[in-house]
Asks: 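Please find one structure pasted underneath; my questions will follow.
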Amino acid sequence: MSTHAKRERLLLADLLETTGPEAPTLCEGWRTRDLAAHVVVRERRPDAAGGMLVKQLASRLERVMAEFTAKPYEELIQLIRTGPPRFSPFSLKQVDELSNIVEFYVHTEDVRRAQPEWTPRELDPVFQDALWSRLERSARLMGRGVPTGLVLRRPDGQTAVARRGAPVVTVTGEPSELVLFAYGRQSAAKVELDGDENAIAKVRETRQLGI
């Protein structure tokens, strides 16, 4: 596993253990037990995980999620710490690097920021750059559902165009915060939105940007 993905994986496991199975998360309708089951199913049950994207597989995913949610919470945490089995594509370093840095960062913040009196983490510049790289690659895909033009901007001025159009809303923040914003955690993301007020309102109402 890549250094950043492994760190976020272990941090998430520790956080889930500390908060317990019934703590709130930023994922609507999910407690920490549900989030832990989701992470395990994604890595260990590809036959069901496809239901996250394919409607025809949704019922299978629901059944498998129920099965894993019913497992002992400590077992779920250990499976997260252990990582994917050898037959999983996520066990490949390249796939892990592309997929899991964002996955585990977002879910770690799902738990952290749903707790009272949370405080932002200090993230190193290399990790911020890694998050930005992945956001740049996926920005156009994620911006498809936005009804206005949308630009994501780092404090240093680097930008990624999520959707071309007018009027334009510019969202400024550190890559880590922009990732959370783009993945639907808008209320918890520390970002600034600039542009036409009506356009900003429309962007805020967009539940998730294209995914």
Asks: Is it the case that the side chains of Thr69 and Arg33 hold a donor-acceptor pair, with the cut-off being a distance below 3.5 Å and no angle test?
Replies: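 Short answer, no.
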Asks: Please report the shortest heavy-atom distance between Phe104 and Ile80, naming the atom on each side.
Replies: CE2-CG2, 4.5 Å
Asks: Does Arg81 reach the main-chain N or O of Arg9 with its side chain, forming a donor-acceptor pair under 3.5 Å?
Replies: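 No; judged by distance alone, with no hydrogens or angles, the pair does not exist.
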Asks: Between the side chain of Glu67 and the main-chain N/O of Arg63, is any donor-acceptor distance below 3.5 Å?
Replies: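 A pair under 3.5 Å: no.
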Asks: Leu16, Met65: one ILVMFWY side-chain cluster at the under-4.5 Å cut-off?
Replies: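 Per the 4.5 Å side-chain linkage, Leu16 and Met65 are co-clustered.
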Asks: Are Leu79 and Val39 grouped together when hydrophobic residues (ILVMFWY) are joined by side-chain heavy atoms under 4.5 angstrom apart?
Replies: yes
Asks: Let me confirm one number: the CG-NZ distance from Leu180 to Lys190, rounded to the nearest 0.5 Å.
Replies: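 With rounding to 0.5 Å, CG (Leu180) is 11.0 Å from NZ (Lys190).
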Asks: Tell me, do Leu123 and Tyr105 make a side-chain contact under 4.5 Å, heavy atoms counted?
Replies: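 When only atoms from C-beta onward are counted, Tyr105 and Leu123 do touch, with a gap below 4.5 Å.
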Asks: Val168 versus Leu150: any side-chain heavy-atom pair under 4.5 Å?
Replies: no
Asks: Determine whether the side chains of Glu8 and His4 contain a donor N or O and an acceptor N or O closer than 3.5 Å.
Replies: no
Asks: Can you tell whether the side chains of Arg204 and Glu197 come within less than 4.0 Å, N to carboxylate O?
Replies: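 Salt bridge flag = no for Glu197 with Arg204.
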Asks: In terms of hydrophobic clustering (I, L, V, M, F, W, Y; side-chain heavy atoms under 4.5 Å; direct or indirect links), are Val191 and Val146 co-clustered?
Replies: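 Yes, same cluster.
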Asks: Taking Thr159 for the side chain and Leu152 for the main chain, is one N or O donor matched with an acceptor at less than 3.5 Å?
Replies: no
Asks: At their closest point, which heavy atom of Leu178 faces which heavy atom of Gly173, and how far apart are they?
Replies: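 Taking Leu178 first and Gly173 second, the nearest heavy atoms are CD1-O, 3.4 Å.
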Asks: Take Glu75 and Val40 through the side-chain contact (heavy atoms from CB on, under 4.5 Å) test and state the conclusion after the steps.
Replies: CA-CA 10 Å; Glu75 180 180 338; Val40 175; over 6 Å; no
Asks: Could you tell me whether a side-chain N or O of Asn100 sits under 3.5 Å from a main-chain N or O of Glu103, the two making a donor and an acceptor?
Replies: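 Not a single qualifying donor-acceptor pair exists.
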Asks: Give me the atom names and distance for the closest heavy-atom approach of Pro167 to Asp196.
Replies: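 For Pro167 versus Asp196, the nearest heavy atoms are CB-CB, 4.2 Å.
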Asks: Could you tell me which non-hydrogen atom of Ile200 sits nearest to which non-hydrogen atom of Gly195, and how far apart they are?
Replies: CD1-O, 3.5 Å
Asks: Are Leu11 and Val111 in one and the same hydrophobic cluster, where Ile, Leu, Val, Met, Phe, Trp and Tyr link if side-chain heavy atoms are under 4.5 Å apart?
Replies: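 No.
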Asks: Would Val179 and Val151 show up in the same hydrophobic cluster when neighbours are defined by side-chain heavy atoms closer than 4.5 Å?
Replies: no
Asks: Keeping the roles fixed (side chain from Thr19, backbone from Leu15), state whether a donor-acceptor pair exists under 3.5 Å.
Replies: yes
Asks: If I take atom CD from residue Gln128 and atom CZ from residue Arg154, how far apart are they, to the nearest 0.5 angstrom?
Replies: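 Taking CD in Gln128 and CZ in Arg154, the distance rounds to 7.0 Å.
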Asks: Quick check against the 3.5 Å criterion: does Glu109 have a side-chain atom that pairs as donor or acceptor with the backbone of Ala188?
Replies: no
Asks: If you count every heavy atom of other residues, nucleotides or ligands that lies below 6.0 Å from Glu192 atom CD, does the total exceed 12?
Replies: no
Asks: Taking atom OG1 of Thr172 and atom CG of Leu193, what is their separation to the nearest 0.5 Å?
Replies: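 If we round to the nearest 0.5 Å, Thr172:OG1 and Leu193:CG are 8.0 Å apart.
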Asks: Might you point out which heavy atoms bring Arg112 and Pro120 nearest each other, and give the distance in Å?
Replies: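 Taking every non-hydrogen atom into account, NH2-C, 4.2 Å.
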Asks: Would you check if Phe181 and Leu135 make a side-chain contact, meaning some heavy-atom pair closer than 4.5 Å?
Replies: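 No - every pair of side-chain heavy atoms lies 4.5 Å or more apart.
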Asks: How close do Arg44 and Gly83 get, heavy atom to heavy atom, and via which atoms?
Replies: NH2-O, 2.7 Å
Asks: Taking side chain to side chain contact (heavy atoms under 4.5 Å, CB included) as the test, write out the residues that go with Pro155, two or more places apart.
Replies: Glu174
Asks: Does the side chain of Arg185 reach to within under 4.5 Å of the side chain of Val106, using non-hydrogen atoms?
Replies: yes
Asks: Residues two or more places apart in sequence or in another chain: which of them pass ring pair (Phe, Tyr, Trp, His ring centres under 6.0 Å) with Trp30?
Replies: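 With sequence neighbours excluded, Trp30 shows a ring pair (Phe, Tyr, Trp, His ring centres under 6.0 Å) to His38, given in chain and number order.
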Asks: Mind checking the CG-SG spacing from Asp34 to Cys27? Nearest 0.5 Å is all I need.
Replies: 9.0 Å
Asks: Could you tell me whether a side-chain N or O of Arg163 sits under 3.5 Å from a main-chain N or O of Arg144, the two making a donor and an acceptor?
Replies: yes
Asks: Can you confirm whether Glu22 is buried at CD, in the sense that more than 12 heavy atoms of other residues, nucleotides or ligands lie under 6.0 Å from that atom?
Replies: yes
Asks: Rounded to the nearest 0.5 Å, what separation is found between the CG atom of Asp110 and the OH atom of Tyr183?
Replies: 12.0 Å
Asks: Measure the CZ-CZ distance between Arg121 and Phe127 for me, rounded to the nearest 0.5 Å.
Replies: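 These two atoms lie 6.5 Å from each other.
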Asks: CZ of Arg164: more than 12 outside heavy atoms within 6.0 angstrom?
Replies: no
Asks: Do the side chain of Arg153 and the main chain of Val171 share a donor and acceptor less than 3.5 angstrom apart?
Replies: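 Not confirmed, Arg153 side chain does not pair with Val171 backbone.
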